[in-house]
Amino acid sequence: MQQSGAAGGRGCALFPVLGVLFFQGVHIVLSLEIHADAHVRGYVGEKIKLKCTFKSTSAVTDRLTIDWTYRPPSSSRAESIFHYQSFQYPTTAGTFRDRISWVGNVYKGDASISISNPTIKDNGTFSCAVKNPPDVHHNIPMTELTVTERGFGTMLSSVALLSILVFVPSAVVVALLLVRMGRKAAGLKKRSRSGYKKSSIEVSDESIIFPSPCFWH
């Protein structure tokens with residue numbers, strides 16, 4: 001009986017400890033949340049933005065760090081392409097050398113970067129990791145990037161859209177001017193057909209005959 005009571009006592013004493021750990025664990029997980037687009041599509045030669053945002057329960061300090069990594073489709077090894085801690089440190093080696101730019105704002109919870117002059121070789125998985133001590137435990141979202149050539153159909157649709165935005169308003173203005181001119185011409189034509197009647201004053205003025213200057217001599 002004493003043994004069972006002792007065991008029960010240890011179990012009761014252990015329960016609040018587990019409860020504290022459980023709630024502390026939940027607090028740690030939810031203290032820093034990171035969000036990124038699961039899929040991003042881009043075109044060769046056109047700058048691509050990789051968006052990443054975060055929410056932290058702690059104020060942003062100079063201890064905050066951001067790390068972007070890249071993993072090609074044919075490899076399981078990830079390489080660092082960008083690091084931030086008070087300053088931006090884009091990679092100075094590898095395929096992304098001189099092509100990574102910082103476009104985020106840590107005070108607004110933005111950890112985004114951009115890739116200039118992308119190629120099909122840039123396809124792969126990108127991950128965004130943020131640490132803002134004491135908030136260091138978080139999820140690490142993955143972004144799948146797909147870079148393709150801009151096809152003729154896409155270029156044609158862009159040209160068509162530009163034509164619509166530029167030429168349609170001009171065509172409408174020209175059509176309205178033509179309609180107005182047509183109405184004005186029709187009114188003048190109708191007026192000429194009906195004839196112009198002179199007023200009585202104009203008729204009386206024409207009926208007055210002035211004597212010849214020679215009459216006075």
Side-chain angles (χ1 to χ4, degrees), residues 21 24-162:
L21 292 176
Q24 285 183 346
V26 172
H27 172 72
I28 291 174
V29 171
L30 296 180
S31 61
L32 185 59
E33 299 178 8
I34 307 175
H35 300 278
D37 295 329
H39 301 279
V40 173
R41 183 182 180 88
Y43 299 100
V44 173
E46 301 180 17
K47 182 176 288 188
I48 299 173
K49 180 179 180 180
L50 298 180
K51 187 176 181 180
C52 177
T53 59
F54 64 91
K55 292 181 180 180
S56 176
T57 58
S58 301
V60 173
T61 67
D62 56 2
R63 298 174 61 193
L64 179 142
T65 61
I66 298 171
D67 288 283
W68 278 90
T69 59
Y70 164 74
R71 179 172 56 82
S74 59
S75 175
S76 59
R77 183 179 179 181
E79 61 176 290
S80 175
I81 61 172
F82 181 84
H83 175 74
Y84 176 94
Q85 187 173 7
S86 298
F87 297 97
Q88 306 96 39
Y89 300 96
T91 181
T92 57
T95 58
F96 292 97
R97 178 181 179 181
D98 300 328
R99 296 197 295 127
I100 302 297
S101 300
W102 170 251
V103 293
N105 186 333
V106 295
Y107 298 103
K108 294 183 178 180
D110 191 349
S112 304
I113 60 173
S114 66
I115 304 175
S116 59
N117 299 318
T119 67
I120 296 177
K121 295 181 180 180
D122 295 337
N123 288 343
T125 305
F126 295 79
S127 62
C128 173
V130 181
K131 293 182 179 180
N132 185 35
D135 296 345
V136 294
H137 297 281
H138 58 78
N139 60 310
I140 301 180
M142 304 290 182
T143 299
E144 292 291 336
L145 175 63
T146 303
V147 181
T148 59
E149 293 280 357
R150 186 177 285 278
F152 177 76
T154 306
M155 296 176 63
L156 186 61
S157 62
S158 300
V159 173
L161 179 61
L162 181 62

Verify, without hydrogens or angle tests, whether Thr143 (side chain) and Ala38 (backbone) share a donor-acceptor contact under 3.5 angstrom.
-> no

Between Thr119, Asn117, Asp122, which is the residue that forms a side chain to side chain donor-acceptor pair (under 3.5 Å) with Arg99?
-> Asp122

Of all heavy-atom pairs between Ser58 and Pro134, which one has the smallest distance, and what is that distance?
-> OG-CD, 3.5 Å

Closest heavy-atom contact between Ser56 and Leu32?
-> CB-CD1, 3.5 Å

Nearest non-hydrogen partners of Thr61 and Asn132, listed with the distance = N-OD1, 3.9 Å

Residues Asp135 and Thr57: side-chain donor-acceptor under 3.5 angstrom = yes

Under 3.5 Å, is there a donor-acceptor pair between the side chain of Asn139 and the main chain of Ile34?
-> yes

Are the side chain of Asp67 and the backbone N or O of His83 linked by a donor-acceptor pair below 3.5 Å?
-> no

Hey, could you give me the CZ/CG distance between Phe54 and Leu64, rounded to the nearest 0.5 Å?
-> 5.0 Å

By salt bridge (Lys or Arg N to Asp or Glu O under 4.0 Å) - contacts of Glu46 (at least two apart) = Arg150

Is there a side-chain contact between Lys121 and Thr95, using heavy atoms and a 4.5 Å cut-off?
-> no

How long is the span from the CD1 atom in Ile100 to the OG atom in Ser114, to the nearest 0.5 Å?
-> 7.5 Å

Non-hydrogen atoms of Asp110 and Cys52 that approach each other most closely | OD1-O, 3.3 Å

Decide yes or no for Lys131 and His138: does some side-chain heavy atom of the first lie under 4.5 Å from some side-chain heavy atom of the second?
-> yes

Pair Ile81-Ile115, side chain to side chain contact (heavy atoms under 4.5 Å, CB included): steps then yes or no = CA-CA 11 Å; Ile81 61 172; Ile115 304 175; 5.8 Å; no

Name the one of Tyr70, Phe126, Trp102 that satisfies ring-ring contact (aromatic ring centres under 6.0 Å, His included) with Phe82?
-> Trp102

What closest approach, in Å, do Ala78 and Thr69 show between heavy atoms, and which atom pair accounts for it?
-> CB-CB, 4.3 Å

In Å and rounded to the nearest 0.5 Å, what is the CD1 to OH distance from Ile66 to Tyr89?
-> 12.5 Å

Is a side-chain N or O of Thr65 found less than 3.5 angstrom from the main chain of Gln85, in a donor-acceptor match?
-> no

Side chains of Ile120 and Thr148: does their closest heavy-atom pair fall under 4.5 Å?
-> no

Full working for side chain to side chain contact (heavy atoms under 4.5 Å, CB included) between Thr146 and Glu144 = CA-CA 7 Å; Thr146 303; Glu144 292 291 336; 5.5 Å; no

Interatomic spacing from CH2 in Trp68 to OG in Ser80 - rounded to 0.5 Å | 12.0 Å

Rounded to the nearest 0.5 Å, what's the gap from OG on Ser101 to CD on Gln88? Could you check?
-> 9.5 Å

Taking all non-hydrogen atoms of both residues into account, name the closest pair between Asp62 and Ser86 and its distance.
-> CB-OG, 3.4 Å

Rounding to 0.5 Å, atoms CZ (Arg71) and OG1 (Thr125) come to a distance of 4.0 Å

